[in-house]
*Asks:* 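Below is the structure I would like to discuss, written out as structure tokens.
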Amino acid sequence: MLLNDHKAGMEGLDKGKINKIIMDASKGSRFYENERKKEDQVNKRIEEQRRKMKEITPTQLKDGELQADSILEDFDGMRDLSRTIVHIDMDMFYAAVEMRDNPSLRDKPMAVGGLSMLSTSNYHARKFGVRAAMPGFIGKKLCPELVIVPLNFDKYTAVSKQVRDILSDYDSNFCPMSLDEAYLDMTDHVIKRSRFSDKERTYLLRKVDKHQNVCLCDLNETIWEEEIQKSQNNCEENNVSSLNNCDTKDRNMDAKTNYSDTESPNVLRSSDTVCVICGKPLPDFEKKTFGFNVEDAVREMRSRIEQRTTLTASAGIAPNMMLAKICSDRNKPNGQYIIQNNKDAVMEFIKDLPIRKISGIGKVTEKMLNALGIQTTTDLYHQRALLFHLYSQISFHYFMRICLGIGSTTVERESGRKSMSTERTFREISTPIELYAKCRELSEALAEDLKEEELKGKTVGIKVKTVKFEVKTRVQTLPEYTCDVDTIFTAARDLLRIEIQNVAPQPLRLRLMGVRMSGLLHQTMCKKQQNTLTSLLKKMESTQQSVSSSKSSATSFVKMEGITEQPSVNCDENICTYANEERSLIEKNCLSLPEIPDQDAYSENDMCYNEVNHNKEYHNKLINDKTQDEIGSNIDSCGNPDQEEITSDDPVTSSTHEDTVKQLDQIDGSKQTVKSVIDKRQESSLKIDTAGQESTQKVTQKFNTTQKVTPPTQRVTPTKGDSTSTKDDLSLEKDTMEKLVCPVCFMEQSQADLDSFNQHVDSCLNKDAIMQILTEQKSWQKPAAKR
DNA sequence: GCGGATCAC
DNA sequence: TATGGTGATCCGC
Ligand SMILES: Nc1ccn([C@H]2C[C@H](O)[C@@H](COP(=O)(O)OP(=O)(O)OP(=O)(O)O)O2)c(=O)n1
Ligand SMILES: [Mg+2]
């Protein structure tokens with residue numbers, strides 16, 4: 001709840017005052033209450049940890065220490081100091097882009113996002129305590145002059161690409177962690193660099209006063225050639241930076257200023273007067289030849305980034321990724337820091353490091369460790385015996401590596417994604433029809449995204465967040481891989497229905513819903529559908545009149561649990577002894593790719609074999625680079641067991657589907673280019689869906705007219721109380737109905753008379769929808785009315 | 001395999 | 001008035 005101040009630019013501010021403002025703004029809110037609940041949970045875990053700790057005998061403790069020392073020795077022996085890893089991180093990235101494009105923001109406290117949520121803030125605003133992941137309205141309270149700029153995600157993507165183009169010159173295999181952050185292994189570059197000519201290490205740097213209306217294009221792209229020519233003629237050598245004999249400390253202190261390592265460079269002026277690109281007057285500039293070592297290489301890289309984008313970056317240089325990450329924060333903004341490749345330098349750096357600085361140790365882990373008297377990495381070492389007993393092996397090893405300052409040294413691209421999801425926050429909705437409409441929207445978006453990356457998945461999940469901020473997730477694994485909207489929606493809807501039923505007769509009041517697909521495989525790797533059978537059944541389905549026959553056929557692969565109740569999850573009792581540690585997470589993302597299995601991958605699902613090559617390449621590139629070969633036609637993903645021709649107008653299923661896609665395309669005009677997992681991860685809308693009305697109506701419309709997949713089913717479905725009946729079992733012949741099931745929410749209704757039942761249905765439907773449904777459904781209501 | 005929790009950005 | 005979205009991992013069932 002309180003202010004997080006572990007980020008850069010948050011030193012020495014009035015924490016007490018800031019916390020009070022945050023508290024006042026939050027107190028009593030549902031958000032706040034939930035935060036407190038979570039905090040209580042953490043405290044319980046800490047108590048549990050204490051309890052466990054007391055049970056440890058001195059003998060066990062001694063044993064733990066021996067075990068730990070043994071592990072430490074092993075790890076230390078495997079320490080790899082041979083690589084030079086660089087972590088580069090743009091300064092206040094989104095905010096910097098916005099300030100660049102609107103200089104009037106430059107000297108104001110500003111943040112990017114909206115009143116509901118901020119993505120980041122500039123350093124001026126950070127002084128007030130305004131930071132990323134803070135709601136904008138609180139930011140305003142902390143700093144009334146705060147200017148909030150909406151996100152321009154496309155711009156950040158474009159800038160990111162510019163930056164990455166430069167990074168690839170230093171490590172073609174660099175690993176982007178986000179739009180503004182990446183790891184590089186510069187070991188090879190430095191070796192190559194030792195043979196670079198001056199020309200290859202020389203760049204032009206603008207010298208420009210703020211507010212000067214001059215060209216800001218990258219001079220290295222406009223006039224580099226001619227300027228370099230000149231200097232070669234002059235055999236200029238004066239600007240070579242050399243830092244070889246300073247000790248590390250001095251070098252890191254110098255690092256703040258980019259050019260401190262050279263004699264004051266000559267100010268130059270091009271013989272041209274205006275830029276060929278932008279037409280503005282060319283600025284004065286200097287010509288700088290960077291040195292040979294890593295630090296100069298990194299300065300050069302950062303400098304080029306600044307020339308190209310006019311944005312600054314900070315960098316960390318260290319023998320492994322864990323350390324490099326911490327270093328990049330050390331001299332932020334616009335600075336760099338190096339840890340030399342020797343154990344002493346590493347240990348010296350690590351010594352008093354607060355554990356929270358380490359990537360993977362977050363708020364909760366910090367608190368749990370603090371409870372053990374651990375604040376720094378040295379404490380971590382001293383408590384190794386305890387940690388051995390209290391934590392899992394994975395966590396323990398992670399901690400021990402931290403003690404030793406060891407981290408991953410293999411910088412590699414991400415492997416393929418494991419899941420894809422889409423979720424949205426909105427103003428409260430609780431009527432089933434709105435909930436299902438939202439679910440449908442999300443399913444459509446997800447299906448679209450899956451297709452864009454040519455993926456199919458086997459496990460569909462939903463996520464819901466109640467208005468009290470309680471989060472639940474539910475998943476269901478399908479028998480076949482799919483990216484078919486209707487199949488996804490059917491599965492998601494069933495999961496949602498269970499949640500609705502779980503809280504009935506109370507409404508399920510949500511502020512967020514998400515749909516997720518995991519168990520992903522590239523389309524071409526999915527088991528082939530029994531084409532003939534599927535399509536055959538489909539044809540039968542579309543031509544058959546009998547409603548009942550289409551159901552429970554072989555194509556019906558969505559679990560129908562009828563009314564069976566879901567075990568309610570009691571969060572309070574679910575005290576996890578230790579809710580886990582992320583640890584190596586980040587580094588693992590970049591770790592060596594899983595081997596392409598020889599057989600295993602195929603055994604499970606009888607996938608196509610012919611894509612092994614492609615797959616390897618796929619792994620080595622950003623994960624959604626397109627593949628060259630396409631296999632086969634679009635095998636229609638899966639039958640849609642749920643589709644039911646209510647209005648027997650004929651447009652075949654496929655066309656309906658395509659219509660949907662088209663509609664989406666129109667609505668969502670901005671067809672993005674292919675994105676990597678990483679890039680999509682940044683793509684957060686910080687706005688709450690308030691336009692719920694329209695979109696809901698749109699979807700509702702679809703449900704009631706064009707769509708075959710209707711919300712639940714558009715009729716009153718009388719059914720027996722037993723769980724064998726599925727929602728699709730609509731046979732009207734049943735005459736011994738005991739209960740009514742609301743067609744919208746699938747809830748059994750116990751009302752004695754039809755009127756109260758209808759009242760319930762009313763509450764589930766908005767006015768427009770109900771008119772349609774009622775007229776369509778009149779006939780069915782009769783049997784029910786007999787009761 | 002599922003659900004909750006944690007973490008990064 | 002108002003507290004985000006995406007992806008991943010780990011733990012304990
Ligand atoms: N909870 C968060 C954290 C970050 N971001 C976005 C906005 C940031 O601009 C970008 C990069 O994140 P950083 O953690 O690197 O933060 P900044 O670059 O903004 O600031 P710094 O100068 O501290 O790196 O990611 C976000 O959307 N949500
Ligand atoms: Mg940054």
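Reminder, nothing fancy here: chain letters follow the sequence lines and each chain counts from 1.
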*Asks:* Using whole Å, what does the distance between atom C1' of nucleotide C:dT1 and atom CZ of A:Phe426 come to?
*Replies:*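 Atom CZ in A:Phe426 sits about 17 Å away from atom C1' in C:dT1.
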*Asks:* Ion pair present between A:Asp494 and A:Arg497, side-chain N to carboxylate O less than 4.0 angstrom?
*Replies:*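 Looking at A:Asp494 and A:Arg497, the cut-off is met.
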*Asks:* Using atom CG of A:Asn502 as one end and atom C1' of B:dG3 as the other, report the distance to the nearest whole Å.
*Replies:*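 About 13 Å, once rounded to whole Å.
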*Asks:* Among B:dC9, C:dC11, B:dC7, which nucleotide sits nearest the side chain of A:Ser392?
*Replies:*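 The answer is C:dC11.
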*Asks:* Go through C:dG4, B:dG4, B:dC7 for me and flag the one nearest to the A:Lys363 side chain.
*Replies:*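 Of the candidates, B:dC7 comes closest.
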*Asks:* Identify whether any heavy atom of A:Met134 sits under 4.0 Å from a base atom; if not, whether one sits that close to sugar-phosphate; answer base, sugar-phosphate or nothing.
*Replies:*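 The answer is nothing, as A:Met134 stays clear of every strand by at least 4.0 Å.
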*Asks:* Given C:dG7, C:dA2, B:dG3, identify the nucleotide with an atom nearest to the side chain of A:Leu115.
*Replies:*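 Of the candidates, C:dA2 comes closest.
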*Asks:* Does the pair A:Lys20/A:Asp24 count as a salt bridge with the N-to-O cut at 4.0 Å?
*Replies:*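 Yes, charged N to carboxylate O under 4.0 Å.
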*Asks:* Within a 6.0 Å radius of atom NZ on A:Lys140, are there more than 12 heavy atoms belonging to other residues, nucleotides or ligands?
*Replies:*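 Correct, the count exceeds 12.
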*Asks:* Please tell me which of the listed nucleotides, C:dC11, B:dG4, C:dG7, lies nearest to the side chain of A:Val677?
*Replies:*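 From the listed options, C:dG7 comes nearest.
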*Asks:* Please determine, by modelled atom types, if A:Tyr183 and A:Glu412 share a side-chain donor-acceptor pair under 3.5 angstrom.
*Replies:*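 No, because no side-chain N or O of A:Tyr183 sits under 3.5 Å from a partner of the opposite role on A:Glu412.
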*Asks:* Nearest heavy atom decides the nucleotide; on that basis, is A:Ala133 or A:Lys38 closer to the 5' end of DNA chain B?
*Replies:*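 Its nucleotide being nearer the 5' end, the pick is A:Lys38.
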*Asks:* Classify the nucleic acid contact of A:Leu118 as base, sugar-phosphate or nothing, counting any heavy atom under 4.0 Å across all strands shown.
*Replies:*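 The answer is nothing, as A:Leu118 stays clear of every strand by at least 4.0 Å.
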*Asks:* Less than 4.0 Å between a side-chain N and a carboxylate O, is that true for A:Arg440 and A:Glu444?
*Replies:*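 A salt bridge links A:Glu444 with A:Arg440.
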*Asks:* Describe the nucleic acid contact of A:Thr422 in one word from base, sugar-phosphate, nothing, applying a heavy-atom distance below 4.0 Å.
*Replies:*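 Sugar-phosphate contact only.
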*Asks:* Could you work out which one of B:dG3, C:dC10, C:dG5 sits closest to the side chain of A:Glu423?
*Replies:*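 Within the option list, the nearest is C:dG5.
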*Asks:* Which of the following nucleotides, B:dC2, C:dG7, B:dT6, is nearest to the side chain of A:Val364?
*Replies:*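 Side chain of A:Val364 sits closest to B:dT6.
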*Asks:* Nearest whole Å is fine: how far is B:dA5 P from A:Ile46 CD1?
*Replies:*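 In whole Å, B:dA5 P and A:Ile46 CD1 are 15 Å from each other.
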*Asks:* Could you please name the option among B:dT6, B:dC2, C:dC11 that lies closest to any side-chain atom of A:Ile394?
*Replies:*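 Output: C:dC11.
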*Asks:* For A:Lys140, report the nucleic acid contact type (base, sugar-phosphate, nothing); a contact means any heavy atom under 4.0 Å.
*Replies:*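 The answer is nothing, as A:Lys140 stays clear of every strand by at least 4.0 Å.
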